[in-house]
Structures are given as C-alpha cells and as structure tokens.
Asker: 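Quick one: this structure, given as structure tokens, is what I'll be asking you about.
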Amino acid sequence: MREAGRIVATTLAAVAAAAVPGCRLLDLDDLAADRIAAAGAKSSFLGYHPDWAPVPYPAVLCLSVDDAIVHAIPDGRRLRAGELLSIDFAVQYDGLHADAAITVPVADVDDAGRQLIDTTARALDAGIATARPGSRLGDIGYAVQSVARAAGYGQPVGLGGHGIGTEMHEDPSVSNTGRPGRGLPLRPGLVLAIEPMLTEGGRNDHRTGADGWTVSTVDGSRAAHFEHTVAVTEDGPVVLTRP
Ligand code: MG
C-alpha cells in the first residue's frame with residue numbers, strides 16, 4: 001500500500017502543478033493515466049461501477065471545480081484563474097489500493113477560497129492525528145467536524161471516508177462527523193481513507209448532477225476536499241499517500 005500511496009502522491013503533485021488557467025480537465029486526466037501506466041499500476045476509478053451509479057466511472061481522476069464537491073468527471077472545459085480544483089485519485093498496485101485528494105487554487109483564488117482550502121486541509125490533519133490505537137472511529141469524525149464547525153463551514157451529510165485495502169472501498173465507513181469515544185476501536189493494521197469535504201455556504205446538503213456522478217452543493221457555494229490513506233500502527237498514524 002505504501003507503493004500505491006507513493007504513486008498516488010507523486011501523480012497528485014504532477015496534476016496539481018499542471019492545473020493552470022487554460023488547461024483542459026481531460027488533459028489532466030491523460031497526464032494521470034500516463035503516470036499510472038508508467039508506474040505499472042491500475043486505476044481504481046476507471047470502470048468503477050457502484051450500484052447507485054448509472055454508468056461505470058469513465059476516467060482516472062475526479063476533477064471537481066468550485067461548487068462541485070466530489071466525483072465530477074473530467075471533460076473538455078478549460079480551467080480559469082480563481083477556480084478551486086479538487087483532485088481525487090486512487091490506484092491499485094500489486095492488488096492493493098491507495099486513495100487521496102487535494103484541492104488547489106487555479107492561479108490565484110480569493111481569500112475566502114484560500115481559507116476554505118486551508119481549513120479543509122487542517123480538518124484532515126486533525127482527523128489523521130486521532131487515527132491511533134486507543135481511539136475509536138467517532139474520534140476521527142469529531143476531530144474533523146470540530147475544525148469545520150469552528151470555521152462555520154458545512155459538511156455534506158452521507159459523504160465520507162472508508163476502509164481501504166484489497167478493495168478501494170471497504171468497511172468501516174469513516175464519517176466526517178462523530179461523537180468522541182464512540183464507534184469501532186482503531187487497531188493496528190486498520191487502513192482508512194479519511195476525507196473531509198467542507199462547503200463554504202455552511203449547508204450540509206448536496207445534490208447529484210444529471211450525469212449520475214457529480215456531487216455539488218445545493219446553494220452553489222464552493223467546496224474543498226482533502227483525503228489521505230492512513231494506516232493505524234502501534235506507533236500512531238502513518239500516512240501512506242504523502243510523498
Ligand atoms: Mg476515498
């Protein structure tokens with residue numbers, strides 16, 4: 001999973017660096033697909049077809065701009081300065097998956113956008129810090145929600161993280177809200193994808209677009225999304241998707 005995580009981390013960095021004004025979303029997807037091939041890995045997203053989706057996922061990246069929260073399909077549109085781009089990416093290497101996401105500013109974003117990005121990254125860090133033996137699943141959600149609520153941001157209900165290993169999505173589901181000391185005890189060997197999504201408008205609802213995949217805010221406000229694949233070890237959390 002470390003090797004899968006390394007491929008995810010380096011690819012995310014390359015895609016983020018290429019996400020400049022005028023760049024087509026499909027070009028970023030091609031870049032990630034080339035990286036996957038060069039690494040001898042497999043996309044976890046391409047062809048993924050959960051029960052609720054009308055069609056299999058057609059790309060290797062999810063590229064969600066501004067009010068799109070997650071799962072947006074790359075198309076031919078070009079990035080514009082000031083947009084918030086959320087990049088979600090996962091691969092399978094030697095039968096094991098790793099999954100991560102970042103939100104980056106396209107050129108310069110306004111202060112509010114920057115604050116949304118920084119706060120969502122901080123919410124992820126807070127969640128990761130609790131992913132250690134002796135904690136429970138509710139501690140992760142509580143840590144994430146505490147950062148989100150202190151800043152007045154919303155958290156879309158029903159969207160969250162997951163266990164990960166031989167499948168991209170495994171039990172348990174990792175809520176971005178929770179009560180401290182409640183839920184599954186975290187034990188060494190458990191690997192979780194922790195992924196806060198915060199919305200600028202402060203609402204907790206979301207809607208799914210006509211393509212059956214794109215999840216967006218209802219009020220049109222912007223969203224940010226950060227994710228890491230994190231192993232619970234005797235020595236504490238180990239982030240597998242950090243370069
Ligand atoms: Mg995930």
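Ligands are counted one by one from 1 in listed order, and the atoms in each one are counted from 1 as well. Because only heavy atoms are used, hydrogens play no part in the values below, and waters and symmetry mates are left out as well, while side chains stay in. Note that the structure is a prediction, hence the values are computed from the model and not measured.
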Asker: Is a salt bridge present between Arg203 and Asp205, judged by a nitrogen-to-oxygen distance below 4.0 Å?
Answerer: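 Here Arg203 pairs with Asp205 in a salt bridge, since their nearest N and O are under 4.0 Å apart.
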
Asker: Report the atom name of the nearest N/O/S atom of Asp99 relative to the Mg ion (ligand 1).
Answerer: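 For Asp99, the N, O or S atom at the smallest distance from the Mg ion (ligand 1) is OD2.
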
Asker: Among pairs that include at least one residue of residues 19-60, which meet ring pair (Phe, Tyr, Trp, His ring centres under 6.0 Å), considering only residues two or more places apart or in two chains?
Answerer: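 Listed once each, the pairs are Tyr48-His169, Trp52-Trp213, Tyr57-Trp213.
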
Asker: Is the shortest side-chain heavy-atom distance between Asp88 and Ser64 below 4.5 Å?
Answerer: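 Result no, sub-4.5 Å side-chain heavy-atom pair not found.
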
Asker: What donor-acceptor contacts under 3.5 angstrom involve side-chain atoms of residues 5-21, with partners at least two apart or in another chain?
Answerer:
unit_1: Arg6; atom_1: NE; unit_2: Glu3; atom_2: OE1; d: 3.2
unit_1: Arg6; atom_1: NE; unit_2: Glu3; atom_2: OE2; d: 3.4
unit_1: Arg6; atom_1: NH2; unit_2: Glu3; atom_2: OE2; d: 2.9
unit_1: Thr10; atom_1: OG1; unit_2: Arg6; atom_2: O; d: 3.0
unit_1: Thr10; atom_1: OG1; unit_2: Ile7; atom_2: O; d: 3.2
unit_1: Thr11; atom_1: OG1; unit_2: Ile7; atom_2: O; d: 2.7

Asker: So, 2.8 Å as the limit: is an N/O/S atom of Asp88 located closer than that to the Mg ion (ligand 1)?
Answerer: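 So Asp88 does not count as coordinating the Mg ion (ligand 1).
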
Asker: Using the side-chain contact (heavy atoms from CB on, under 4.5 Å) rule, pick out the option among His206, Glu200, Arg222, Arg207 that qualifies with Asp67.
Answerer: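 Testing each of His206, Glu200, Arg222, Arg207 against Asp67, the sole residue satisfying side-chain contact (heavy atoms from CB on, under 4.5 Å) is Arg207.
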
Asker: Which of the N/O/S atoms in Glu227 sits closest to the Mg ion (ligand 1)?
Answerer: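 Per the distance ranking, Glu227 contributes OE2 as its closest N/O/S atom to the Mg ion (ligand 1).
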
Asker: Output yes if His169 passes the N/O/S-under-2.8 Å test against the Mg ion (ligand 1); output no otherwise.
Answerer: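 Of the N, O and S atoms in His169, none lies under 2.8 Å from the Mg ion (ligand 1), which means no.
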
Asker: For the metal site, I want the angle between atom NE2 of His162 and atom OE2 of Glu195 with the Mg ion (ligand 1) at the apex, to 10°.
Answerer: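 Here the angle at the metal atom is close to 90°, to 10°.
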
